[in-house]
**Q** 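Below you'll find the structure I mean.
The sequence lines fix the lettering, A, B, ..., with proteins before strands; numbering per chain opens at 1.
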Amino acid sequence: MTKASKGSLVILLGPTGVGKTELSLKIAEKLGSPILSCDSRQLYKNLTIGTAAPTREQLERVKHYFIGTLELTDYYSASKYEEDALQLLALLFHDHQSVVMTGGSMMYIDAIAKGIDEIPTVDEQLRKDLQELYQKEGLDPIREQLRLLDPEFYNFVDLKNHKRVIHALEVCLMTGKTYSSFRTNSKKERPFNIIKIGLKRDREELYERINLRVDQMMQDGLLEEARKVYHFRHLNSLNTVGYKELFNYLDDSCDLDFAIEKIKQNTRIYSRKQMAWFKRDEEIKWFHPDQEEEIIDYLLKGHLS
RNA sequence: GGUGCCAUAGCUCAGUUGGUAGAGCAACGGACUGAAAAUCCGUGUGUCCCUAGUUCGAUUCUUGGUGGCACCA
């Protein structure tokens, strides 16, 4: 099989607010590609304003996948995304030479580009039970069990991070094997080329865009959107910047201005975490979002098959 | 105009019986494989308002300013 017949996945990544959506449309139009969203929150229905999902007009310009396809109550994960996206890509590469993937969910991107280890999905009841134990007795008894069942991971893991500790124990209890034994950390081969384009702005510029975007979201009716999903507030899908802060306001535990400031602040912090993650990825070729021509040049001259 | 109180980190404030200072929040750095917009870890960034004294040494005490607040006119 020649390189040319494989097809190319152009991954457009970068921190929130940098300008991925608009640029992804231009590039997809230029390449005649569909867009595959890689955003752990835009996947959900009814979160369009707060997640800055593509607008109806934008969705009409280019065919999008993985926007608003999940119910707020649906369970989802990076590994499920890997599965779903790979399946879809196999289909799309039948009649497209390239597909544009865009989004900022770091682990989802890596799940596609590098793969994620095969770890069994945790049984719902077991998760509930451990959650209950954690609520009642704290992390100590869970840590202790993990120490006995998987000393290797116990020594490796951040013991203060309850999510990691609990998940490792879940897997141990469910499979009867150590969690470590599932962690191979190997890079998976993909049947397509991968080109990573990173979008970057000066911090000051990015922060200003984020602040303005939050104000715009409020004008567009974010508060109303949050109110509509308020009764689902305990779900993971709504443990999301832009919603959790407004839920506090709706609970009467802070005033609206404070909630809005918190949204801005938490979005800025999130953007930094994204940059910290992306910084380590040496496969990324970085551009400013205004460098549309350069990016397309880069893709056409030798990088696209 | 008079009297009193205050001035310390980006903000709100502790504190130093005289040996150049510390909390919360913010800010910043990092980790990250099935909940990841999640979760967790780390870091003090400072003309202690200015000036002149006393002192081996002043952010701390004294003098005089400047600014703010309160009360009295």
**Q** Indicate, with a heavy-atom threshold strictly under 4.0 Å, whether A:Glu118 touches base, sugar-phosphate, or nothing.
**A** base

**Q** May I ask you to check whether A:Asp220 and A:Gln216 show a side-chain donor-acceptor distance below 3.5 Å?
**A**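 Their side chains do contain a donor-acceptor pair, which is all the 3.5 Å distance test asks for.
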
**Q** What nucleic acid atoms does A:Lys188 come within less than 4.0 Å of, heavy atoms only: base, sugar-phosphate, or nothing?
**A**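 Nothing: the residue A:Lys188, judged by heavy atoms under 4.0 Å, touches no strand.
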
**Q** Going by number, which of residues 275-282 of chain A have a non-hydrogen atom under 4.0 Å from RNA chain B?
**A** A:Ala276, A:Trp277, A:Lys279, A:Arg280

**Q** For A:Leu173, what are the other residues in its hydrophobic cluster, where any two members join if their side-chain heavy atoms are less than 4.5 angstrom apart?
**A**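 A:Leu173 clusters with A:Ile119, A:Val122, A:Leu126, A:Leu130, A:Leu133, A:Tyr134, A:Leu139, A:Ile142, A:Leu146, A:Leu149, A:Phe153, A:Tyr154, A:Phe156, A:Val157, A:Leu159, A:Val165, A:Ile166, A:Leu169, A:Val171, A:Met174, A:Tyr179, A:Phe182.
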
**Q** Distance check needed: B:G30 C1' versus A:Ile269 CD1, whole Å only.
**A**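 My rounded result for the distance is 14 Å.
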
**Q** Whole angstrom is fine here: how far is it from CG in A:Asp117 over to P in B:C32?
**A** 14 Å

**Q** With A:Tyr230, which residues qualify under ring pair (Phe, Tyr, Trp, His ring centres under 6.0 Å), at least two apart?
**A**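 Ring pair (Phe, Tyr, Trp, His ring centres under 6.0 Å) check on A:Tyr230 returns A:Phe247.
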
**Q** Which donor-acceptor pairs under 3.5 Å do the side chains of residues 46-54 of chain A make with protein atoms, sequence neighbours left out?
**A**
| from | atom 1 | to | atom 2 | distance (Å) |
| --- | --- | --- | --- | --- |
| A:Thr48 | OG1 | A:Glu225 | OE1 | 3.2 |
| A:Thr51 | OG1 | A:Leu47 | O | 2.7 |

**Q** A:Glu261 CD to B:A26 P: how many Å, rounded?
**A** 12 Å

**Q** What's A:Asp110 touching, base or sugar-phosphate or nothing? Going by heavy atoms closer than 4.0 Å.
**A** nothing

**Q** Students often get this wrong, so: under 4.0 angstrom with heavy atoms, is A:Phe182 touching a base, only sugar-phosphate, or nothing?
**A**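 Result for A:Phe182 = nothing.
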
**Q** Which of residues 200-228 of chain A sit near RNA chain B, with a heavy atom under 4.0 Å from it?
**A**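 Going residue by residue through residues 200-228 of chain A, the ones with a heavy atom under 4.0 Å of RNA chain B turn out to be A:Arg203, A:Tyr207.
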
**Q** For a quick check of understanding: with a heavy-atom distance under 4.0 Å over all strands, which category does A:Thr51 fall into, base, sugar-phosphate or nothing?
**A**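 Answer is base: heavy atoms of A:Thr51 come under 4.0 Å of a base.
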
**Q** Give one of base, sugar-phosphate or nothing for A:Asn266, where a contact means two heavy atoms less than 4.0 Å apart.
**A** nothing

**Q** Taking side chain to side chain contact (heavy atoms under 4.5 Å, CB included) as the test, write out the residues that go with A:Arg227, two or more places apart.
**A** A:Leu223, A:Glu224, A:Leu250

**Q** Can you sort out the partners of A:Asp255 under side chain to side chain donor-acceptor pair (under 3.5 Å), two or more places apart, ordered by chain and number?
**A** none

**Q** Answer with base, sugar-phosphate or nothing: what part of the nucleic acid does A:Ser105 contact at a heavy-atom distance below 4.0 Å?
**A** sugar-phosphate

**Q** Can you tell me if A:Arg164 touches the phosphate of B:C32, counting only side-chain N or O atoms and a distance under 4.0 Å to OP1 or OP2?
**A** no

**Q** With A:Glu22, which residues qualify under side chain to side chain contact (heavy atoms under 4.5 Å, CB included), at least two apart?
**A** A:Leu25, A:Lys26, A:Gln58, A:Arg61

**Q** Let me know, please, whether A:Ile116 or A:Tyr134 comes out on the 5' side of the other along RNA chain B by nearest nucleotide.
**A**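 In this pair, the answer is A:Ile116.
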
**Q** Touch check for A:Tyr243, heavy atoms < 4.0 angstrom, all strands: base, sugar-phosphate only, or nothing?
**A** nothing

**Q** Rounding to the closest angstrom, what is the interatomic distance between B:G19 and B:C11 at atom P?
**A** 26 Å

**Q** Give me the distance, rounded to whole Å, that separates B:A23 from B:C32 when you measure between the C1' atoms they each carry.
**A** 30 Å

**Q** Other than A:Tyr75, which residues form its hydrophobic cluster under the rule that side-chain heavy atoms must be closer than 4.5 Å?
**A**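 Direct or chained contacts put A:Tyr75 with none.
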
**Q** Please confirm whether the ring centroid of A:Tyr44 lies under 6.0 Å from the ring centroid of A:Tyr76.
**A** no

**Q** Test for a donor-acceptor pair under 3.5 Å between the base of B:U39 and the side chain of A:Lys273, counting only N and O atoms.
**A**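 Yes, the side chain and the base share a sub-3.5 Å donor-acceptor pair.
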
**Q** Categorize A:Asn239 for me: base, sugar-phosphate, or nothing, with a 4.0 angstrom heavy-atom threshold over every strand shown.
**A** sugar-phosphate

**Q** Considering only atom P, compute the distance from B:U60 to B:A21 and round it to an integer number of Å.
**A** 14 Å

**Q** Nearest whole angstrom, please: distance from the P of B:A26 to the NZ of A:Lys262.
**A** 4 Å

**Q** Under a 3.5 Å cutoff on both atom distances, Watson-Crick or G-U, what's the dot-bracket for RNA chain B ([ ] crossing, | other strand)?
**A** (((((((..((((.....[..)))).(((((.......))))).....((.((..]....)).))))))))).

**Q** Which residues within residues 143-159 of chain A lie with some heavy atom under 4.0 Å of an atom in RNA chain B?
**A** A:Asp158

**Q** Kindly write out the residues that satisfy side chain to side chain contact (heavy atoms under 4.5 Å, CB included) with A:Lys187, not counting sequence neighbours, or none if the list is empty.
**A** A:Lys114, A:Glu283

